[in-house]
Student: 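Shown below is the structure under consideration.
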Number of protein chains: 2
Amino acid sequence: MVAQRGEGDEVVTTATGMPAVQGAPIVPEQDEVVVRERARAIPEAAVARLAVYLRVLSGMVDQGVTTISSEELSAAAGVNSAKLRKDLSYVGSYGTRGVGYDVEVLVSHIERILGLTRKHSVAVVGIGNLGHALANYGGFQSRGFPVAALFDVDEDLTGVPVGGIPVNHIDDITAVCVEREVSIGVIATPPQAAQAVCDRLVSAGVQCILNFAPVVLQVPDDVEVRKVDLAVEMQILSFHVARRADEASAEQAANDLINGVGVDRVVIRP
Amino acid sequence: MVAQRGEGDEVVTTATGMPAVQGAPIVPEQDEVVVRERARAIPEAAVARLAVYLRVLSGMVDQGVTTISSEELSAAAGVNSAKLRKDLSYVGSYGTRGVGYDVEVLVSHIERILGLTRKHSVAVVGIGNLGHALANYGGFQSRGFPVAALFDVDEDLTGVPVGGIPVNHIDDITAVCVEREVSIGVIATPPQAAQAVCDRLVSAGVQCILNFAPVVLQVPDDVEVRKVDLAVEMQILSFHVARRADEASAEQAANDLINGVGVDRVVIRP
DNA sequence: TACCGCTTGTGAAGGCGTGCACAAAGTCGG
DNA sequence: CCGACTTTGTGCACGCCTTCACAAGCGGTA
Ligand SMILES: NC(=O)c1ccc[n+]([C@@H]2O[C@H](COP(=O)([O-])OP(=O)(O)OC[C@H]3O[C@@H](n4cnc5c(N)ncnc54)[C@H](O)[C@@H]3O)[C@@H](O)[C@H]2O)c1
Ligand SMILES: NC(=O)c1ccc[n+]([C@@H]2O[C@H](COP(=O)([O-])OP(=O)(O)OC[C@H]3O[C@@H](n4cnc5c(N)ncnc54)[C@H](O)[C@@H]3O)[C@@H](O)[C@H]2O)c1
C-alpha cells in the first residue's frame with residue numbers, strides 16, 4: 001500500500017491501493033486529504049553547498065560572530081551571493097532585512113534540513129591503508145557521524161582495535177550493523193570486492209553508501225550511493241592542464257605567425 | 001602581447017597588441033589567420049564521466065573485449081546511453097554505426113582529450129593518516145599520476161621514506177616541485193595549515209590542487225582547485241535519509257488517516 | 001512617526017545539461 | 001547487390017540551475 005515515488009513527483013496513495021493517475025486535482029476532491037511535504041525539493045547542488053555554509057558558519061560561531069550578511073558568508077564560502085541567498089531560501093526565511101542572518105539560528109536550521117539532528121552511525125568496510133586513515137579520523141565523530149563499526153575479511157585484523165573500535169569480521173556485518181544502527185556504509189576495499197561488500201551492506205539494511213573503490217556499484221532504487229574517485233579528480237585536473245596547454249601553444253603559434261610571417265591578426269575560434 | 005581569455009570566449013590577438021573588438025568576422029580578413037581551438041568547450045560533468053568511461057573501458061581491454069556498443073558501455077558506467085553518446089561526441093566520431101566502438105581506439109582518444117598522454121607528477125603535502133594512505137596507494141602511479149614528492153612540516157618525518165619516496169621538508173617545496181616537474185599538488189594537512197600550504201604550492205608554480213582539508217581555498221584565477229570533503233558527502237547522504245524519513249512518516253500518517261478515519265484518498269504535494 | 005539606507009528574498013530570464021527520437025550510416029545474410 | 005537490421009550521432013525540447021535586478025521589509029535616526 002506504499003506508493004512508488006519518482007524523482008520530484010507527487011506521492012499519491014489511494015485507498016484502493018492502485019497507483020493514482022498523473023495529475024492529481026489541485027482542488028482536493030471529496031474525502032481527500034492533502035499533506036504538504038516538509039522537505040521540499042532542494043537541488044542536490046544546493047544541498048552540497050548548504051553543507052559548506054554550515055562548516056563556515058560553525059567556524060564563525062567559534063570566532064564569536066553572531067550575525068553575518070549574505071555578502072560576507074558567500075565570500076567565505078566562495079560562491080555568488082545571490083546563489084547563497086537562493087540556497088538559504090530553500091531552508092526558509094530566517095534572515096533580517098537590513099541586517100543579515102543570525103549565525104546560530106542559521107546553523108540550527110541548516111542542520112535540521114540536512115537531517116543532522118539525528119545521529120548517523122558509520123561503518124567502514126576494508127581496513128587497509130585508507131580504512132585505517134578513516135577509522136582514525138576524528139572529523140566524522142565531531143560532525144555527528146560516529147564511526148560505530150569496522151569490518152574486514154582479513155582474519156589477522158579481526159578483533160584488533162583501530163581508532164578505538166575493534167575490527168569485526170565481514171561475515172558478521174548484518175548482525176553488527178543492525179545492532180549498532182548503522183545508517184551509512186563506507187566501502188574502502190579493493191575494487192574486486194566492492195560490489196559484493198555493497199550487496200552485503202544493502203542486505204544489512206544500510207541505505208546510504210560512500211564508495212572509495214573505483215567501480216560503478218549497482219544498487220536498488222532505494223539506496224543512495226556517492227562515490228569518491230581520486231583518479232577521476234586527477235583526470236579532471238589533467239584535462240584543465242591540457243586545455244590550458246593547448247591554448248598556450250595555439251597562442252604561441254599565433255604569435256610566431258605574427259612575428260615571423262608578418263600576419264596582421266590572429267583569431268582563435270572555438 | 002598575450003591576450004586575456006574569458007570563459008568560452010574567443011581568443012583574439014592583434015598585431016597592435018590591442019585587444020580586438022568583439023565579433024570577429026566569420027570570413028577571415030586580409031592577412032588574418034584563424035586557428036581553430038582543439039580542446040573545445042566540454043561540460044565539466046561530461047569530463048568527469050569520460051574519466052569513468054575510460055576506467056570501464058580499461059577493464060574491458062583487460063577482459064579481451066575489442067568492441068562495445070553505447071548501450072553496453074552506458075550500462076557498465078551507470079548512465080543513460082544517449083548521454084554517453086553525446087559525451088563521446090565531444091571527443092569525436094570514432095564509432096561504427098551498426099557495430100559500436102572499438103575499445104582501444106576509444107581509450108586512446110579519451111586519453112588524448114583528458115590530457116593523459118603526458119605524465120602528471122603529484123606532490124602530497126601533509127604525511128599524516130591520510131597522506132600515508134595516499135603515498136602508499138598504487139592506483140595513482142598506474143593511471144599516469146606518479147607520486148613524485150612528499151612534504152611535511154614535522155622534522156621527525158623528514159627523510160623517512162613513505163611508499164618508497166622520502167619525505168621532504170615543506171620549506172623545500174619550491175625547489176623540489178620545480179625540479180621534479182610537479183603539476184598536481186594534494187593537500188592533506190590540517191585545515192588551519194591548508195591555505196598557507198596552498199599559497200606555497202601556487203608560488204612553486206603548481207596550477208592544479210586537490211584539497212582534502214575542509215576549508216575553502218582562495219587561489220588566483222589560473223589555478224584549478226578540486227576538493228574532496230568527506231563530511232559534505234556524508235551530510236548529503238544524511239539529507240537523503242532525512243527526506244526519505246519525512247516521506248515515510250508522511251505516508252505513515254496518511255495511511256493512519258486512511259485506516260482510522262476512513263479517508264478515501266491521500267495526496268502528498270511538494 | 002516619517003524617512004533613509006541597507007540587506008533579504010524572489011520573479012524572471014537566460015544558459016546549460018539531459019534525454020528523446022530519428023535520420024544517417026554501416027554490417028551482415030541471402 | 002540488396003534489403004533488413006543494428007547502432008551511431010545529433011537536432012530539439014524540456015527542465016533544472018544560475019544570475020540579475022529590484023521590491024519588500026527592517027533598524028536606526030531625527
Ligand atoms: N589508499 C588510498 O589512498 C586510496 C586512494 C583512492 C582510492 N582508494 C581505493 O580505496 C580502496 C582501498 O584502498 P587501500 O589502499 O586501503 O587498499 P588496501 O589493500 O590497503 O586495503 C583493502 C582492505 O580491504 C580488505 N578486504 C578485501 N576484501 C574484502 C572483503 N571482501 N570484505 C572486507 N574487507 C575486504 C583487505 O583485507 C584490506 O585490509 C581501493 O579500492 C582503492 O582503489 C584508495
Ligand atoms: N584522515 C582521514 O581519513 C580524513 C578524512 C577526511 C578529511 N581529512 C582531512 O585531511 C587532512 C589530513 O588529515 P589527517 O587525518 O591525515 O591528519 P593528520 O593530523 O594525521 O596529519 C596531518 C599532517 O600534516 C602535517 N602538517 C601540519 N601542518 C603542516 C604544514 N604547514 N605543512 C606541511 N605539513 C603540515 C602534520 O605534521 C601531519 O603529519 C585534514 O585536513 C583532515 O580534515 C582526513
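Chain naming here is simple, since letters A, B, ... match the order of the sequence lines and numbering starts at 1 in each.
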Student: Using whole Å, report how far CD of A/Glu71 lies from C1' of D/dT19.
Tutor: 13 Å
Student: Is B/Ser89 close enough to D/dG9 that one of its side-chain N or O atoms is under 4.0 Å from OP1 or OP2 there?
Tutor: no
Student: Quick one: is D/dC17 close enough that its OP1 or OP2 comes under 4.0 Å of any side-chain N or O from A/Asn80?
Tutor: no
Student: Can you find a heavy atom in the side chain of B/Leu57 that is under 4.5 Å from one in the side chain of B/Val61?
Tutor: no
Student: Measure across B/Ala48 and A/Val232 and return the closest heavy-atom pair with its distance rounded to 0.1 Å.
Tutor: O-CG1, 3.9 Å
Student: Among side-chain atoms of B/His120 and A/Gln235, is any donor-acceptor pair under 3.5 angstrom?
Tutor: no
Student: Where the side chain of A/Val99 is defined as all heavy atoms beyond and including C-beta, which of D/dG27, D/dT19, D/dC17 is the nearest nucleotide?
Tutor: D/dG27
Student: Quick check on D/dC17: is either OP1 or OP2 less than 4.0 Å from any side-chain nitrogen or oxygen of A/Tyr90?
Tutor: no
Student: Starting at atom NZ of B/Lys83, determine the distance to atom C1' of D/dG9, rounded to an integer number of angstrom.
Tutor: 17 Å
Student: Rounding to a whole Å, what distance do you find between B/Leu106:CG and D/dT7:P?
Tutor: 16 Å
Student: Over how many whole Å does the gap from B/His109 atom NE2 to D/dG9 atom P extend?
Tutor: 12 Å
Student: May I ask you to test the B/His109-B/Ile113 pair for a side-chain heavy-atom distance under 4.5 Å?
Tutor: no
Student: Hey, does A/Met234 have a side-chain heavy atom less than 4.5 Å from the side chain of B/Val186?
Tutor: yes
Student: Need to verify one output field. Residue with the more 5' nearest nucleotide on DNA chain D, A/Pro43 or A/Thr96?
Tutor: A/Pro43
Student: Whole angstrom is fine here: how far is it from CD in B/Glu44 over to C1' in D/dT18?
Tutor: 16 Å
Student: Quick one: which of D/dC26, D/dT10, D/dC22 gets closest to the side chain of B/Lys86?
Tutor: D/dT10
Student: Do A/Phe239 and B/Ile42 make a side-chain contact, defined as non-hydrogen atoms from C-beta onward lying under 4.5 Å apart?
Tutor: yes
Student: CZ of A/Arg49 versus P of D/dC17: gap in Å, rounded?
Tutor: 9 Å
Student: For D/dT7, does the base pair up with any side-chain atom of B/Arg97 as donor and acceptor (N or O, under 3.5 Å, distance only)?
Tutor: no
Student: Measure from CZ on A/Arg85 to P on D/dA24 and round the result to the nearest Å.
Tutor: 16 Å
Student: Taking any atom under 4.0 angstrom from a heavy atom of chain A, which nucleotides of DNA chain C are the first and last to qualify, 5' to 3'?
Tutor: C/dC6 to C/dA12
Student: Which heavy-atom pair separates A/Arg55 from B/Pro214 by the least distance, and what is that distance?
Tutor: NE-O, 3.1 Å
Student: To the nearest Å, how far apart are A/Asp87 CG and D/dC16 C1'?
Tutor: 13 Å
